[in-house]
Each structure stands twice: as C-alpha cells, then as structure tokens.
Amino acid sequence: MSDNNIQIFDTTLRDGEQVPGCKLNTEQKVIIAERLDILGVDVIEAGFPVSSPGDFKSVQAISKIVKNATVCGLTRAVENDIKVAAEALKYAAKPRIHTGIGTSDSHILHKFKSDRNTIIQRAFDAVKYAKSFVEDVEFYAEDAGRTDNDYLARVCEAAIRAGATVLNIPDTTGYCLPSEYGAKIKYLKENVKGIENAILSCHCHNDLGLATANSIEGVINGARQIECTINGIGERAGNTALEEVVMVLKQHPYLNLDTNVNTSMLFGMSQLVSDSMGIYTQPNKAIVGANAFAHSSGIHQDGVIKNRETYEIINPKDVGVTESAIVLTARSGRAALAYRAKNVGYELTKLQLDDVYANFLSFADKKKEINDNDIHQIIETSKAFSQIISA
Ligand code: KIV
Ligand code: ZN
C-alpha cells in the first residue's frame, strides 16, 4: 500500500444494515460481499457476530467466499464478543477483529458508569485479547468526535501498546465540523506515541450532513482509512457514502490520494444494495441518484448538449451510468427537443423545430415529463409532420 492510498472499509453489512426496517438474509449478504470484493474495497465489515446467530452465520459465510478484501467482525470490549467474532472469522483469508469502547465523558459516565482510567484499561485488555486470535486488530473509540483530544490520545496509545493495527476515530453522533474533525486527526497523528505503527481511520456519521466532508478532512490530515457504506445508509442519518468519498478523491487528483475502487461499478453497486435492502435511494443523491446526471432546465440542457462538461464534473461512464439524461419538461428548450427527437429518429430543420416545439410545450404543460413515445406523438400531430423525414 502506497502512502497515498486510502483504504476503503465498507460497513454496509454492519453499520449500514442497522437501518430501521432493513433486514438482509445471509444469501443476500453474501451476494453483496462478493460484489464489494470485486468493486475493490479493502475491508468488508461483515457484521457483529455475537449479536445474533444469523449475524454469526453471515460473517462466517462471507469469510469463506471473500477472496481479496480483509473480512472484519465488530465486537464490544467484552471477551465473549471477541471470542465469538474470532470463531466467525476463522475461515477468512484476512480476518480482522474490530473492538472498542466509548471514550467520551458522556459514554464513560452514563453508559458505563465508569471512569477514564478504567476505560483505558478495558481498551488495552480488549485489544490484547483480540490479538490472541488474529494479527489484525482495529480499535474504535466510540464517540471520539466528542472526546477531548488529550484523553483520546491516551486511549489510542494504550490500544497501540496492546497491538492495534488500526485506530478508528468515530464521529458517532455526526457532531464535528470538518475543521474540528481534521484537527482531531492531526492532533492524534502528532501526539500519540507509537502512531507510526497504526493507521488512523475515519468513521463519520451524517447527522448534520457532514459525513463526507469530515472523512475527506480526516484523510487530508493524515488518516489512511475511511469507513463508509454504499448509498450512505446506516444508523439515523447514515454513514459516509462510499461512492462520494471515492469520487471526491478521484475528481481532485491534486490531493494525491487514491483508492482501489473500480468506480465504473458504483452505480450497479448502489442499485444492488438499494434493491436488496428495499431502501429507495433519493433521486438527488450525489453520484448514484436517478437525477445525478439528468438535466432538465433549458439553459443547462443547451450547455450539456454543446459540451457535457459545462454542467457535469463527472463523466457518467466513470461511475457506471451509460449517459447523461436530457429530461424533457415544460422547462426544456429547443436544443433539448431537437436532441431527443434525433435520438428517436427525426432530424428537424429550424422551421420544423419551431412548429414541433409549440406542440411540445402544450403537451409538456399537461404532462410532467415527456418520454420517447410522446415525442413520436408530438411530431406526428404537429403541422410540419408531412415534411419531416425520419433521420
Ligand atoms: O459509530 C460508531 O461509533 C460505530 C462504532 C461501533 C465503530 O459504529
Ligand atoms: Zn457507526
């Protein structure tokens, strides 16, 4: 792995699967995991094995079939969780145990009714115990986003002393501003003893819509792994969207950070996850939404027809979308109508276009969106039809 390579840790099957109403069976999870492996993610978090027999079975089945990626199982800082995860992961070519504990004062006082030193000891013990099963152990400091940096650094040092290979710094509640999260990663990079022996990981939730921005700030400031889900699904407002961070890094090459993801599979991957989970993707979703490459206003359509880059910063083919869509509505202009008419077989002269356009507007005012069949009908019912020759 080069120093500029960002590891993509996909948690669609764990944090993503925590979406209310979503339940995937083992077969569906295996299909998604196989596809994630081909997509080129570096780590697949397959589940939380101790949470249910079904999750255990899924993590085990995924461990058996994944060829390239590391397969990871989540645990609390509890011996039995760790033992069960190790058992579920035993067939994985590259197993990782992901263990951790809450580190913010809120978690320490209210959730654990404990104190800071005891939490550090529990973090150390959990990592040490996980290391007795696997070499690759990731430690998470839950609610790191609201944990003060000085204490967080001490927790991280303990995890590294116990052998952690990755330190996950979750903004569990999606509270941090990008500058704050970036500064946290920078602080840890500069102040944690032994940090050269571990990589820092960003795990950002989207409660304020900042998950992608925070993850990007994290890697700009030295983190080398991003935890994310397809379509950004996950607890509450979700996790960092995989397709977004991957494309941000690809579209900004001067950042000099890249991933191993085959971006041309992103759209298909998004549809597979959305269909399997029965969770609809919002049309305006960045990168993979139905409207991400659709142009509907006349001014934009004219610009895109002249040169796609006028209004598109991503080539749709780069993410597996065949082409940009010129959507015909009453807001569309002549250029869009001529373009779509040509696609269905009519080359219109300027005069013919004027006539057909008038007919189109009265259709479009009645019908929200004009499809290819409507275009035939609009042309056939226009005054100029007898002179229009199919292209
Ligand atoms: O958001 C979070 O803190 C988590 C941890 C369990 C890694 O999902
Ligand atoms: Zn999370």
Side-chain angles (χ1 to χ4, degrees), residues 7-20 22 41-52 55 59 70-78 81-82 84-85 88-89 96-108 110-112 119 122-123 126-127 130 136-147 151-152 155-156 159 164-176 180-181 184-185 188 198-212 214-215 218 223 225-242 244-245:
Q7 300 276 293
I8 294 296
F9 175 116
D10 180 276
T11 182
T12 305
L13 299 174
R14 200 279 297 171
D15 220 332
E17 212 243 10
Q18 291 173 214
V19 169
C22 152
V41 307
D42 303 282
V43 186
I44 296 172
E45 186 162 52
F48 182 7
V50 84
S51 67
S52 74
D55 230 37
V59 175
T70 293
V71 180
C72 177
L74 184 80
T75 82
R76 294 165 297 180
V78 170
D81 283 28
I82 296 170
V84 171
L89 291 165
R96 175 183 294 180
I97 292 177
H98 188 191
T99 190
I101 195 159
T103 55
S104 64
D105 287 337
S106 157
H107 279 229
I108 296 174
H110 303 122
K111 193 162 108 174
F112 301 116
I119 293 297
R122 282 190 64 183
V127 174
D136 191 3
V137 176
E138 173 168 338
F139 172 77
Y140 64 85
E142 194 180 6
D143 207 14
R146 294 187 299 173
T147 303
Y151 175 66
L152 186 58
V155 180
C156 289
T165 45
V166 181
L167 298 173
N168 178 8
I169 311 301
D171 183 19
T172 305
T173 56
Y175 179 71
C176 288
E180 214 178 335
Y181 189 76
K184 190 175 282 291
I185 297 293
L188 296 174
I199 71 166
L200 285 164
S201 180
C202 310
H203 179 115
C204 299
H205 279 267
N206 206 30
D207 300 66
L208 291 172
L210 293 171
T212 295
N214 284 348
S215 300
Q225 178 176 280
I226 296 178
E227 309 198 2
C228 43
T229 60
I230 301 293
N231 300 335
I233 54 160
E235 282 275 349
R236 307 183 308 280
N239 289 63
T240 301
L242 181 149
E244 293 177 12
V245 286

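Read the numbers this way: they start at 1 and go in the same order the structure lists the ligands and their atoms.
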Novice: In terms of side-chain heavy atoms, does H203 have a donor or acceptor partner in D15 at a distance below 3.5 Å?
Specialist: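 Side-chain D/A pair, H203 to D15: present.
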Novice: Which ligand 1 atoms are under 4.0 Å away from a heavy-atom of D15?
Specialist: 8 (O)
Novice: Of all the heavy-atom pairs spanning E17 and L13, show the shortest one and how long it is.
Specialist: CB-O, 3.5 Å
Novice: Taking 4.0 angstrom as the limit and counting only heavy atoms of N168, give me the atoms of ligand 1 inside it, by number and element.
Specialist: 7 (C)
Novice: Specify the protein heavy atom at minimum distance from atom 1 (O) of ligand 1: its residue, its atom name, and the distance to 0.1 Å.
Specialist: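 Result: H205 NE2, 3.0 Å.
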Novice: Taking all non-hydrogen atoms of both residues, which atom of R122 and which atom of A77 are closest, and how far apart?
Specialist: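 In this case the closest contact between R122 and A77 is NH2-O, 3.2 Å.
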Novice: How long is the gap from CG on D207 to CG on D171, to the nearest 0.5 Å?
Specialist: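 Here the rounded value is 8.0 Å.
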Novice: Given that the side chain starts at C-beta and the backbone is N, CA, C, O, which of these parts of H203 lies under 4.0 Å from ligand 1, counting heavy atoms, or is it both or neither?
Specialist: side chain
Novice: Fit a plane to each ring of F112 and H107, take the angle between them on a 0 to 90° scale, and name the class: parallel (under 30°), tilted (30 to 60°) or perpendicular (over 60°).
Specialist: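 It falls in the tilted class, 30° to 60°.
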Novice: Would you mind counting protein N, O or S atoms that sit less than 2.8 Å from the Zn ion (ligand 2)?
Specialist: 3
Novice: Rounded at 0.5 Å granularity, tell me how far NE2 in H98 sits from CD1 in I82.
Specialist: 11.5 Å
Novice: Can you give me the closest heavy-atom contact between T103 and V155, atom names plus distance?
Specialist: CG2-CG1, 3.9 Å
Novice: Assess the side chains of H110 and D105: does a donor N or O sit below 3.5 Å from an acceptor N or O?
Specialist: no
Novice: Is any N or O atom of T172, backbone or side chain, closer than 3.5 Å to an N or O atom of ligand 1?
Specialist: yes
Novice: Output yes when a side-chain donor or acceptor of K184 lies under 3.5 Å from a complementary backbone atom of T147, and no otherwise.
Specialist: yes
Novice: What are the two closest heavy atoms between N168 and C202, and how far apart are they?
Specialist: OD1-C, 4.3 Å
Novice: If the threshold is 4.0 Å, N to carboxylate O, is there a salt bridge linking R96 and E45?
Specialist: no
Novice: I want to know if ligand 1 touches H98 in the polar sense, i.e. an N/O pair below 3.5 angstrom.
Specialist: no
Novice: Would you say Y140 has any N or O atom under 3.5 Å from an N or O of ligand 1, going by distance alone?
Specialist: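 No, no N or O pair falls under 3.5 Å.
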Novice: Show the atoms of ligand 1 that are less than 4.0 angstrom away from any heavy atom in P170.
Specialist: 2 (C), 3 (O)
Novice: I need the contact type for T11 against ligand 1. Using non-hydrogen atoms and a strict under-4.0 Å cut-off, is it side chain, backbone, both or neither?
Specialist: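 The answer is neither.
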Novice: Taking the minimum heavy-atom distance to atom 8 (O) of ligand 1, which of E235, R14, E142 ranks first?
Specialist: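 Heavy atom nearest to atom 8 (O) of ligand 1 belongs to R14.
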